[in-house]
Amino acid sequence: MLTRRTLTRSLTTVALAFLALPFASGGCTKKSDEIPVGAFLSLSGSDSTFGTDTRDGIELAVDETNAAGGIKGKKVKVLYEDDKSTTQEASQKVRQLIDRDKVVAILGEVASSRSLAGGLIANTSHVPMVTPSSTAVEVTQGREWVFRTCFTDDKQGQVAARFVRNELKKSRVGVFYAAQDTYSSGLAKSFRDEFRKLGGEVVVDKGYQKGETNFTTYLNELKGASPEVVFVPNYYNEMVQIARQAKQVGLAGSMFVGGDGWDSANLIEGAGAELEGAYFTNHYAPDVPWPNSKKFLAAFKTRYKREPSSLSAQGYDATKLLFDAMTRASEVAPDAIRKALVETKDFQGATGTMSMDKDRNANKPIVVVKIKDKKFTYASQVMAE
Ligand code: PHE
């Protein structure tokens, strides 16, 4: 029988064993055997699926690399920081990862506004940062330490405009975007410029304030101008509200065209039916016809029992590309890693083949996705100029 005395004694023994553990097993040295890489993501807040989906892709890449022996004989450890979908936290978290955790490189963010904020810190601290999905042109501009493994919005807007004008054969469009958001307003601009160049007309152009939830007045104005298509380059959470309210004012969901910010299972859950037949430009879809995508798709499905979003595929690719550079680098230190990143050429990813151009952007094919039967289905791919 266990008496109180023996119980106390055994608890004390267990507690002492725990206390002694780090010293006895060399807990401190063990930590430095791992290479610390930071990741700052929106794991909570308004754009949380961007962060959690990206993390799933990163984790898969880390486990594959570590299982295959790690980098230069060491295991990699990714330290995650949640910026709660705010730019202020994004800066603080990057600062912490660099000053406190001494990371050798950083992955993140998804939203361009937060990559701009975090990238400023990484750039001035001389720690390389790789964003998997931030497409606004400014993110890497003039920042020697900031890289991206995706296309940029000048190209994305151009492809969307060409698709609407040449494939859908429409000539009258509306543009509806989040006015103060770097990504949304930048993508709206490049779409508008290209659409006009192609001889099309922008018959209504409206910017809403980020955080607004009632879009009825705007939607009625859009309807009044009778556009054939409305381009809405925003994030999924706002698009769900817009699509639902559009239905109420009598605008067909199939007339909307979006950008990569629509990519979330929440868009389908919240407004899949309302957006039946709509199109958006993206980095990836589970049924893209590229050989490397199939291998990734199978591995992701085995592990997570669902299909990956574009964010997961991008997170996976950014991580693998960074690890490839770390393996090629003369040493696992920020400066050497930066040099190896610059030299990246024809890296085969799940989202296409990537080479870093002189502005540290990856020139990649842009996928057009159709919302069909509440699923994202691959429609076509375009290589931007
Ligand atoms: N491209 C968006 C941005 O720069 C982020 C995003 C990428 C969102 C891919 C969804 C899918 O802000």
Side-chain angles (χ1 to χ4, degrees), residues 40-43 45-58 83 85-87 90 107-119 129-141 143 146-160 177-191 210 231-240 258-268 270 279-286 288 307-318 349-352 360-362 364-369 371 376 384:
F40 72 114
L41 295 166
S42 51
L43 298 170
S46 59
D47 313 322
S48 62
T49 65
F50 286 171
T52 52
D53 279 12
T54 304
R55 184 184 55 193
D56 289 345
I58 296 175
D83 61 31
S85 305
T86 73
T87 48
L107 291 161
E109 230 264 12
V110 172
S112 292
S113 53
R114 295 188 286 273
S115 283
L116 268 173
M129 172 179 133
V130 181
T131 166
S133 316
S134 288
T135 45
V137 176
E138 302 93 309
V139 170
T140 54
Q141 231 168 25
R143 292 181 172 178
V146 183
F147 296 79
R148 78 177 111 210
T149 49
C150 55
F151 50 74
T152 51
D153 284 338
D154 48 352
K155 306 211 167 106
Q156 182 171 203
Q158 189 186 73
V159 165
Y177 62 101
Q180 295 118 338
D181 183 62
T182 319
Y183 160 75
S184 192
S185 52
L187 188 48
K189 182 178 182 323
S190 78
F191 175 89
K210 231 180 145 40
F231 183 59
V232 197
N234 59 358
Y235 294 148
Y236 68 92
N237 43 11
E238 282 163 355
M239 195 56 210
V240 167
D260 58 347
W262 283 19
D263 190 78
S264 172
N266 286 14
L267 186 83
I268 295 288
Y279 290 94
F280 65 101
T281 45
N282 207 358
H283 310 265
Y284 170 88
V288 283
E307 293 205 324
S309 67
S310 176
L311 279 316
S312 296
Q314 294 275 105
Y316 176 85
D317 276 0
T351 60
R360 298 161 302 284
N361 302 321
K364 280 166 66 184
I366 297 181
V367 179
V368 178
V369 176
I371 302 179
F376 292 154

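Computed from a predicted structure; not experimentally measured. Order of appearance sets the numbers: ligands from 1, and atoms from 1 within every ligand.
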Which ligand 1 atoms, with their elements, are less than 4.0 angstrom from a heavy-atom of [X]?
X	result
F50	8 (C), 10 (C)
T135	1 (N), 2 (C), 3 (C), 4 (O)
A111	12 (O)
H283	7 (C), 9 (C)

- Query: Only one of T52, T86, N237 clears side-chain hydrogen bond (donor to acceptor under 3.5 Å, both in side chains) with D47; which?
  - Reply: N237

With heavy atoms under 4.0 Å as the rule, classify the contact between [X] and ligand 1 as side chain, backbone, both or neither.
X	answer
Q314	neither
L311	side chain
Y236	neither

Heavy-atom closest pair, residues [X] and [Y]:
X	Y	value
C150	Q314	CB-NE2, 3.4 Å
A318	V130	CB-CG1, 4.1 Å
G259	L187	CA-CD2, 4.3 Å

- Message: Under a plain distance cut-off of 3.5 Å, with no hydrogens placed, do T149 and D317 share a side-chain donor-acceptor pair?
- Response: no

- Polar side-chain atom of R55 near backbone of G315 as donor-acceptor pair, under 3.5 Å: no

- Task: Please state whether S134 comes within less than 4.0 angstrom of ligand 1, counting heavy atoms only.
- Result: yes

- Query: Out of curiosity, is W262 lining ligand 1, as in a heavy atom under 4.0 Å away?
  - Reply: no

- ligand 1 N/O within reach of Y183 N/O, cut-off under 3.5 Å: no

For [atom], the protein heavy atom that lies nearest, with its residue and separation:
atom	value
atom 11 (C) of ligand 1	D260 O, 3.0 Å
atom 12 (O) of ligand 1	Y235 OH, 2.5 Å
atom 4 (O) of ligand 1	S112 OG, 2.4 Å
atom 6 (C) of ligand 1	V110 CG1, 3.6 Å

- Message: Parallel, tilted or perpendicular: which one describes the rings of F151 and H283, with boundaries at 30° and 60°?
- Response: parallel

- Qualifying residue, where the test is ring pair (Phe, Tyr, Trp, His ring centres under 6.0 Å) with F50 and the options are Y235, W262, Y183: Y235

- Query: Taking everything shown except K210 itself, do over 12 heavy atoms lie less than 6.0 Å from its NZ?
  - Reply: yes

